[in-house]
Amino acid sequence: MRFSSSYEPGEFESDIYGAWEASGVFEPTISSLPSDNDGDGIDDRKEGGATNTYSIVMPPPNANGNLHIGHGLTVALEDSLIRYYRLRGKSAWYIPGADHAGFETWVVYEKELEKHGHTRFEYTRDELYASVWNFVAEQRGNMELQLRALGASCSWRDLTFTLDENVIDQVYTTFEKMWNDGLIYRGEKLVNFCPKHQTAFADIEVEYKDEPGTLWEIEYRLVEEPAGPSSEGPKTWASAPERPEEEWSGGSLIVSTTRPETLLGDVAVAVNPDDARYKDLIGKMVKLPLANREIPIIADEHADPEYGTGAVKITPAHDFDDFEVGERHGLLRIQVITEDGKMFNVPEEYYGLTTAECRKKVLKDLKNQGLLKGEKKISHSVAHCYKCGTTIEPMLKEQWFVDVKPLAAEAIKHLENDEIKFFPENKKHVIINYFNNLKDWNISRQIPWGIAIPMFRKIDDRATDEPDWIFDRRTNLQEIEKAGVKYIRDEDTVDTWFSSSHWPIVSTNWTPENYNPYYPLSVMETGADILFAWVARMIMMGIYVTGEVPFKEVYLHGLVLDEHGKKMSKSKGNVINPMDLVTKYGSDAFRLGILRGRSAGMNQAFSENSVISGRNLCNKLWNISRLIQSIADESAEVDREIDSEVLETVSREGYDPSEVSEARNDGPERTRSKKLQSNLSYTTLNMGEDWICREINQCMEQVEKSMKDYRFSEAVETLYQTIWDKYADWFLESQKIYKNVPLLQNTLESLLIMLHPFAPFVTEAIWQSLSWTNGFIMTAKWPMKLKYDPISAEQFENIRTIVSEVRTTLQSLPGTNNAKKYGLLYDNDSLVKDNLLLIKTLTKVPEINALEGAPRGLRVALANHELFLDVPEKVVSEYRDALTEKILAVGRELDALNARLMNPSYVEKAPQHLVKETRDLVNEKAALIDRLKLQLDLI
RNA sequence: GGGUUGUUAGCUCAGUUGGCUAGAGCGUCUCGUUUACACCGAGAAGGUCGGGGGUUCGAGCCCCUCACAACCCACCA
């Protein structure tokens with residue numbers, strides 16, 4: 001027996017994946033290698049190449065990690081696309097990747113080090129790099145196995161690791177180009193610095209959290225005494241209270257701060273130029289408390305008159321805004337905090353204290369001097385390291401920066417030229433908005449795990465004519481010599497986003513010399529949360545390096561939330577592991593489940609229920625196939641015994657042979673020999689067959705349209721409905737009488753192929769189990785439209801209406817098992833008369849007879865059919881109330897329709913076909929009411 | 001402060017240029033074990049589409065407004 005009674009994914013999935021992988025079907029059919037094979041300088045494949053190719057690169061999962069639910073969604077989306085376009089005949093290339101995940105991996109590794117009682121500072125950069133490399137190598141493989149379990153049909157031989165040689169090469173090439181173009185510069189700027197991890201971050205890597213804090217008010221006293229006390233009003237500002245005259249004789253300013261310890265690095269006090277209170281003070285000097293320095297009062301827009309006292313201390317070395325104020329006014333930057341969070345460059349009593357200790361002492365000392373004038377509890381947002389939660393310390397550092405303005409401007413140009421289509425559409429505006437406000441990009445990271453920055457600093461002071469920094473690719477060396485001058489390598493590594501922004505370029509092996517039909521990518525599919533960090537940078541870098549946008553379309557998925565719509569997190573304990581679900585319900589079930597109810601860019605809930613419904617569909621399809629195979633087997637058996645003519649005794653009911661299309665006139669063709677898919681010729685022999693062909697064609701159109709618009713959920717929904725509600729519940733039920741084997745085979749193949757992108761394993765398992773199919777379904781051809789007779793198909797809808805109404809009526813009658821008790825009577829109804837067997841099978845009534853004499857029994861509520869349930873008088877009268885209710889209900893519908901027609905504007909202005917439809921409906925309802933009333937009179 | 005997205009059945013969500021009685025899955029209830037499937041079949045209940053206004057013959061959909069929710073960016077001395 002080929003088919004067991006239920007589908008057990010565990011029995012098939014790994015074997016099937018292994019067979020696919022071994023046979024090379026994951027690889028694209030058109031080579032991506034240089035294609036000028038005949039050496040004539042003309043690309044042999046260029047013509048039409050890109051239109052026959054389809055390419056997706058996988059956002060590389062962390063090489064040493066496990067896949068989470070987001071990866072599960074990613075693979076479900078990307079692999080569905082790849083498989084779909086592969087079936088559609090494209091040379092599909094799904095390029096897998098693995099990410100060295102610079103910082104993420106580093107954090108994990110550093111924890112390991114700590115566990116063994118070591119710190120990073122015991123080793124050189126190169127030692128650490130080698131050590132992490134081994135660490136990752138040991139872990140690698142897990143996530144690749146998990147990708148296989150999810151069914152990812154990616155070309156494994158093309159897997160790109162973000163530290164592969166060609167990646168580093170390209171990154172250095174770009175770096176050099178940017179350096180030569182003046183787009184990379186070294187600057188001393190404030191960077192987001194995590195004192196725990198000892199590294200800087202880009203702005204987007206910092207998390208802001210609202211926290212309670214304290215706003216302290218500190219008095220800064222003027223050095224010179226202002227002019228006379230009376231004529232110009234009070235000489236103290238804000239709420240400065242009385243003070244002992246002997247200490248100083250002038251006015252003062254009260255500044256507000258949440259970080260009193262940075263006071264020691266103050267270089268000015270700023271007030272708003274329009275602030276009347278302070279106008280006269282601009283240009284004067286105040287004495288900086290505790291530090292005994294004199295600093296100026298300057299005018300700057302940064303000071304908000306509404307906030308605090310309106311006067312703000314300026315510490316350019318430790319605050320981003322102050323840094324900018326300092327730039328504008330040419331102020332010094334006095335750094336007072338070291339990278340490990342200790343005070344330096346300050347009076348002795350504060351030296352070496354941590355920032356927290358220093359804050360306490362500063363406040364205490366200020367209080368003792370009577371300069372602490374107040375404190376307020378406030379809530380403000382504070383920057384944290386997104387990994388460890390440590391408060392970010394803005395730190396003055398020399399770093400490498402990318403001047404992003406020209407890159408962003410170019411990106412905007414291409415976007416406004418509609419070169420990239422976004423799903424969802426609105427993200428295009430969001431990203432343009434981002435490009436418009438982008439600040440220079442700090443690409444230096446102080447972690448050893450990453451691509452070394454290819455810059456070397458001159459250490460030979462005598463060579464004054466040589467530049468301080470030179471570019472060189474030899475980052476394997478710590479020191480190099482050029483023209484007799486010695487240079488030392490920058491210790492830092494480059495931000496991972498700098499290298500990841502090359503992903504479409506490096507994973508497709510793009511080169512400037514050769515035409516590459518896979519670049520730009522057909523689509524970039526990734527999470528909406530890294531629109532800025534990754535997508536934006538890929539666009540800038542793609543254009544900068546290749547002159548072209550790196551992808552034609554972008555599909556962004558949202559977050560997968562838990563079943564209550566809450567973000568998954570370890571601390572909440574609501575994390576769903578995709579592999580658990582795959583093990584429990586199968587890969588297909590997971591894929592179908594996670595695609596359900598999901599749309600572009602939206603954060604959406606996910607629960608096991610949706611996976612269960614996917615599992616059920618797989619099992620349903622399995623059993624559908626099992627039935628069809630058994631029918632095919634049976635018919636082959638019969639064929640062997642008797643002459644094929646006898647089989648044609650299965651007559652076609654309710655169908656005029658004169659309408660038979662050419663294809664159908666051939667008569668039933670029994671195909672026993674193995675045939676390739678889509679070669680099975682068939683003939684429709686009854687209405688159900690025409691109808692299912694029509695429905696499958698519609699399904700096909702819908703799936704094609706949905707896939708074009710990235711409406712995965714809709715495609716799956718359509719298939720689910722067609723397979724279950726239409727194919728199984730109606731068509732197959734009707735085939736229990738007719739058994740048109742070639743058609744069954746043909747339609748099953750169509751459905752299997754259409755579902756394959758979403759449920760690759762079960763469809764392949766079935767394909768391999770069916771007796772008449774060859775090869776892999778994975779490399780089959782997308783089905784052709786089925787031929788059918790539309791009139792006949794429409795007739796089947798009438799049968800469905802009749803059957804449904806009979807079923808409903810039977811269920812609403814008193815008692816149970818009514819379908820077995822009562823037969824049907826028909827009067828002068830050719831559709832019923834010609835389809836007795838079909839209606840009997842579908843309704844399960846014991847018998848259907850022609851009505852003789854006066855109508856009796858219970859009239860079925862159908863407008864155009866004379867059909868009665870043969871029930872006793874007593875049952876009919878018990879049905880009286882239900883009938884009355886029904887008449888009222890139909891009456892209400894009729895009234896609503898009539899009201900619409902009574903409105904002259906409707907009849908006049910609405911499209912004519914709608915008006916006609918309404919009129920037809922009115923007639924139908926009216927007829928139905930008449931019949932029901934007849935019935936009521938009878939009771 | 002700037003921007004984006006939601007609010008439709010008990011739950012999670014569809015509903016694409018405005019058009020018949022607003023759909024699905026899961027859940028609930030009733031009936032049924034008929035040799036493809038109980039991971040099943042047949043049927044049912046359940047919605048004033050967040051509130052209010054407007055445009056229109058016609059609004060879940062378009063416009064205005066309010067409320068609530070979520071997210072992103074900037075700022076918070």
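This one's a predicted model, so the numbers in the text were calculated from it and none came from an experiment. To find a chain, count down the sequence lines: A is the first, B the second, and so on, and within it residues start at 1.
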What does [X] touch in the nucleic acid at a heavy-atom separation under 4.0 angstrom: a base, only the sugar-phosphate, or nothing?
X: E717(A); result: sugar-phosphate
X: W216(A); result: nothing
X: P911(A); result: base
X: L215(A); result: sugar-phosphate
X: A528(A); result: nothing
X: N903(A); result: sugar-phosphate
X: E425(A); result: nothing
X: K844(A); result: base
X: T918(A); result: nothing
X: S610(A); result: nothing
X: D729(A); result: sugar-phosphate
X: Y434(A); result: nothing

Quiz item: Closer to the 5' end of RNA chain B via nearest nucleotide, is it S905(A) or S804(A)?
Solution: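 The answer here is S804(A).
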Quiz item: Of N609(A) and K427(A), whose nearest nucleotide on RNA chain B comes first from the 5' end?
Solution: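 First, find each residue's nearest nucleotide; the 5'-ward one identifies K427(A).
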Between [options], which nucleotide gets closest to the side-chain atoms of [X]?
X: N623(A); options: rA36(B), rC40(B), rC73(B); result: rA36(B)
X: N426(A); options: rG19(B), rU5(B), rC39(B); result: rU5(B)
X: N619(A); options: rC37(B), rG25(B), rA36(B); result: rC37(B)
X: T808(A); options: rC39(B), rU4(B), rA44(B); result: rA44(B)
X: R626(A); options: rG19(B), rC26(B), rC37(B); result: rC37(B)
X: K620(A); options: rC40(B), rU21(B), rC39(B); result: rC40(B)

Quiz item: Do the numbers put R359(A) on top of the ring of W216(A), so that NZ or CZ is under 6.0 Å from the six-membered ring centre and no more than 45° off the axis?
Solution: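 No, R359(A) does not lie over the aromatic ring of W216(A).
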Roughly, in whole Å, what's the span from [atom1] in [X] to [atom2] in [N]?
X: K925(A); N: rU21(B); atom1: NZ; atom2: C1'; value: 7 Å
X: D633(A); N: rA36(B); atom1: CG; atom2: P; value: 13 Å
X: L617(A); N: rA24(B); atom1: CG; atom2: C1'; value: 13 Å
X: H302(A); N: rA74(B); atom1: NE2; atom2: C1'; value: 14 Å
X: W622(A); N: rA38(B); atom1: CH2; atom2: P; value: 14 Å
X: L813(A); N: rG32(B); atom1: CG; atom2: P; value: 14 Å
X: L842(A); N: rG43(B); atom1: CG; atom2: C1'; value: 15 Å
X: L559(A); N: rC71(B); atom1: CG; atom2: C1'; value: 9 Å

Spacing of the [atom1] atoms in [M] and [N] (rounded, Å):
N: rG6(B); M: rG46(B); atom1: P; result: 30 Å
N: rU21(B); M: rC49(B); atom1: P; result: 15 Å
N: rA9(B); M: rU48(B); atom1: C1'; result: 14 Å
N: rG50(B); M: rU5(B); atom1: C1'; result: 15 Å
N: rC63(B); M: rC72(B); atom1: C1'; result: 26 Å
N: rA42(B); M: rC37(B); atom1: P; result: 15 Å
N: rC11(B); M: rG47(B); atom1: P; result: 13 Å
N: rU17(B); M: rC62(B); atom1: C1'; result: 12 Å

Quiz item: Around atom NZ of K428(A), are there more than 12 heavy atoms of other residues, nucleotides or ligands at under 6.0 Å?
Solution: yes
Quiz item: Does the ring center of Y7(A) lie less than 6.0 Å from the ring center of F12(A)?
Solution: yes
Is it the case that the side chains of [Y] and [X] hold a donor-acceptor pair, with the cut-off being a distance below 3.5 Å and no angle test?
X: S6(A); Y: E8(A); value: yes
X: E13(A); Y: S587(A); value: no
X: K377(A); Y: T214(A); value: yes
X: E695(A); Y: T722(A); value: no

Exercise. Ignoring hydrogens and angles, answer whether the base of rU34(B) and the side-chain atoms of K820(A) contain a donor-acceptor pair closer than 3.5 Å.
Key: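 Flag unset: no donor-acceptor pair detected.
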Quiz item: For the base of rA70(B), is there a side-chain donor-acceptor partner from K566(A) under 3.5 Å away?
Solution: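 A donor-acceptor contact between them is absent.
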Establish, with yes or no, whether the OP1 or OP2 oxygen of [N] is under 4.0 angstrom from a side-chain nitrogen or oxygen of [X].
X: R900(A); N: rU21(B); result: yes
X: W724(A); N: rG25(B); result: no
X: K428(A); N: rG3(B); result: no

Exercise. Hey, can you tell me if Y720(A) and W724(A) have their rings parallel, tilted or perpendicular (30° and 60° cut-offs)?
Key: parallel
Contact list (N/O, under 3.5 angstrom) for nucleotides 12-18 of chain B vs protein:
{"from": "rC13(B)", "atom 1": "OP1", "to": "A605(A)", "atom 2": "N", "distance (Å)": "3.0"}
{"from": "rC13(B)", "atom 1": "O3'", "to": "Q604(A)", "atom 2": "NE2", "distance (Å)": "3.2"}
{"from": "rA14(B)", "atom 1": "OP1", "to": "S599(A)", "atom 2": "OG", "distance (Å)": "2.8"}
{"from": "rA14(B)", "atom 1": "OP1", "to": "Q604(A)", "atom 2": "NE2", "distance (Å)": "2.8"}
{"from": "rG15(B)", "atom 1": "OP1", "to": "R711(A)", "atom 2": "NH1", "distance (Å)": "3.0"}
{"from": "rU16(B)", "atom 1": "O2", "to": "R711(A)", "atom 2": "NE", "distance (Å)": "3.2"}
{"from": "rU16(B)", "atom 1": "O2", "to": "R711(A)", "atom 2": "NH2", "distance (Å)": "3.2"}
{"from": "rU16(B)", "atom 1": "O4", "to": "E714(A)", "atom 2": "OE2", "distance (Å)": "3.2"}

Quiz item: Between the side chain of N817(A) and the main-chain N/O of K820(A), is any donor-acceptor distance below 3.5 Å?
Solution: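 Pair absent, no side-chain N/O of N817(A) close to backbone of K820(A).
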Exercise. Without swapping roles, check the side chain of R807(A) against the backbone of L842(A) for a donor-acceptor pair under 3.5 Å.
Key: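 The answer is yes, because a donor-acceptor pair under 3.5 Å joins these two groups.
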Quiz item: Where do L73(A) and R598(A) come nearest, in terms of heavy atoms and distance?
Solution: CD1-CD, 3.4 Å
Exercise. Could you tell me which non-hydrogen atom of A728(A) sits nearest to which non-hydrogen atom of K620(A), and how far apart they are?
Key: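 Heavy atoms only, the tightest pair is CB-CE, 3.6 Å.
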Quiz item: How does RNA chain B look in dot-bracket form if you count Watson-Crick and G-U pairs under 3.5 Å, write [ ] for pairs that cross, and put | where a base pairs with another strand?
Solution: (((((((..((((.....[...)))).(((((.......))))).....(((((..]....))))))))))))....
Quiz item: Can L914(A) and E917(A) be said to form a side chain to side chain contact (heavy atoms under 4.5 Å, CB included), step by step?
Solution: CA-CA 5 Å; L914(A) 281 175; E917(A) 252 175 53; 4.2 Å; yes
